[in-house]
A.B. asks: 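A single structure is presented below for examination.
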Amino acid sequence: MEIVTVTVNDPLGLHARPSSLLTKLVKEFDCHITVYKNENNSRKCDVKNVLSLMDLNALLGDKLTFEASGDDERKAIAAIETFANSGFGN
């Protein structure tokens with residue numbers, strides 16, 4: 001299992017456009033990828049499901065932890081980290 005924690009740096013949070021772009025990106029990988037907000041009782045959601053991802057209601061400054069497990073988990077986590085560091089598609 002590979003894990004990365006990133007900070008939402010989009011002033012509008014993880015809204016529809018970046019959620020859609022992230023979902024499209026991770027669908028290229030065969031591994032299972034989940035994400036959760038770093039707060040009490042945060043549930044994990046499937047990153048390959050855009051509605052589940054948007055349901056996190058991740059806002060500017062929130063920390064998100066992505067976990068990937070499977071054959072290409074390292075590549076998936078690296079791609080997610082690059083995407084987040086580039087401003088979540090902005």
Side-chain angles (χ1 to χ4, degrees):
M1 179 180 292
E2 293 288 321
I3 299 171
V4 67
T5 299
V6 300
T7 302
V8 177
N9 55 10
D10 186 320
L12 300 175
L14 196 57
H15 57 90
R17 182 175 181 276
S19 292
S20 176
L21 291 172
L22 180 56
T23 298
K24 183 178 177 182
L25 171 71
V26 299
K27 284 185 177 179
E28 298 175 12
F29 301 98
D30 293 325
C31 60
H32 180 69
I33 307 167
T34 59
V35 62
Y36 59 91
K37 282 199 311 189
N38 294 0
E39 59 184 31
N40 294 335
N41 300 321
S42 180
R43 64 177 174 71
K44 290 183 180 182
C45 75
D46 182 359
V47 182
K48 294 181 181 181
N49 181 325
V50 69
L51 294 178
S52 178
L53 189 58
M54 288 176 56
D55 195 38
L56 275 178
N57 195 31
L59 303 174
L60 178 65
D62 284 347
K63 300 221 182 280
L64 302 176
T65 299
F66 292 85
E67 298 176 349
S69 60
D71 292 338
D72 52 1
E73 61 190 30
R74 284 191 176 146
K75 289 180 182 178
I77 289 297
I80 291 167
E81 189 169 24
T82 299
F83 180 79
N85 289 337
S86 72
F88 285 92
N90 290 325

A.B. asks: Report the distance from atom CG of Leu22 to atom NZ of Lys48, rounding to the nearest 0.5 Å.
C.D. replies: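 The distance works out to 11.5 Å.
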A.B. asks: Look at the side-chain heavy atoms of Ile, Leu, Val, Met, Phe, Trp and Tyr, link any pair under 4.5 Å apart, and say whether Val4 and Val35 land in one connected group.
C.D. replies: yes
A.B. asks: Say you draw a straight line from CG of Leu53 to OG1 of Thr23; how long is it, rounded to the nearest 0.5 Å?
C.D. replies: 5.0 Å
A.B. asks: Could you check if a side-chain atom of Asp10 sits within less than 4.5 angstrom of a side-chain atom of Leu60, using non-hydrogen atoms only?
C.D. replies: no
A.B. asks: I'd like to know if the side chain of Thr82 and the backbone of Ala78 have a donor-acceptor N/O pair within less than 3.5 Å.
C.D. replies: yes
A.B. asks: Which atoms form the tightest heavy-atom contact between Thr7 and Lys63, and what is the distance?
C.D. replies: OG1-NZ, 2.8 Å
A.B. asks: With no hydrogens and no angle check, just 3.5 Å: does a side-chain donor-acceptor pair link Asn38 and Thr65?
C.D. replies: yes
A.B. asks: Any side-chain heavy-atom pair from Cys45 and Leu56 closer than 4.5 angstrom?
C.D. replies: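 Of all side-chain heavy-atom pairs linking Leu56 with Cys45, at least one is under 4.5 Å.
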A.B. asks: Atom CD1 of Ile33 and atom NZ of Lys44: how far apart are they, to the nearest 0.5 Å?
C.D. replies: 13.0 Å
A.B. asks: Can we say Glu28 and Lys75 salt-bridge, meaning some charged N sits less than 4.0 Å from an Asp/Glu carboxylate O?
C.D. replies: no
A.B. asks: What closest approach, in Å, do Asp46 and Ser52 show between heavy atoms, and which atom pair accounts for it?
C.D. replies: N-OG, 3.7 Å
A.B. asks: Taking a hydrophobic cluster as the set of Ile, Leu, Val, Met, Phe, Trp and Tyr residues connected by side-chain heavy atoms closer than 4.5 Å, whether directly or through intermediates, do Leu21 and Val6 fall within one such cluster?
C.D. replies: yes
A.B. asks: Give the minimum heavy-atom separation between Ser19 and Leu14, together with the two atoms involved.
C.D. replies: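 Taking every non-hydrogen atom into account, OG-O, 3.2 Å.
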A.B. asks: Can you name the nearest heavy-atom pair linking Phe83 to Pro18, along with the distance?
C.D. replies: CZ-O, 3.7 Å
A.B. asks: Report the residue from Asp71, Asp72, Ile77 that forms a side-chain contact (heavy atoms from CB on, under 4.5 Å) with Cys31.
C.D. replies: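 The single option meeting the side-chain contact (heavy atoms from CB on, under 4.5 Å) with Cys31 is Asp72.
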A.B. asks: Please round to the nearest 0.5 Å and tell me the distance separating atom CD1 of Ile80 and atom CG of Asn85.
C.D. replies: 12.0 Å
A.B. asks: Please check if the side chain of Asp62 supplies one atom and the backbone of Ala58 the other of a donor-acceptor pair under 3.5 Å.
C.D. replies: no
A.B. asks: Could you check whether any side-chain N or O of Thr34 sits under 3.5 Å from a backbone N or O of Phe66, counting only pairs where one atom can act as donor and the other as acceptor?
C.D. replies: no
A.B. asks: Any side-chain heavy atom of Leu59 sitting closer than 4.5 Å to one from Val8?
C.D. replies: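 No, side chains not in contact.
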A.B. asks: Determine yes or no for a side-chain-to-main-chain donor-acceptor pair under 3.5 angstrom, with Lys37 supplying the side chain and Asn57 the backbone.
C.D. replies: yes
A.B. asks: Roughly how far, to the nearest 0.5 Å, is the CE atom of Met1 from the CD atom of Glu67?
C.D. replies: 5.0 Å
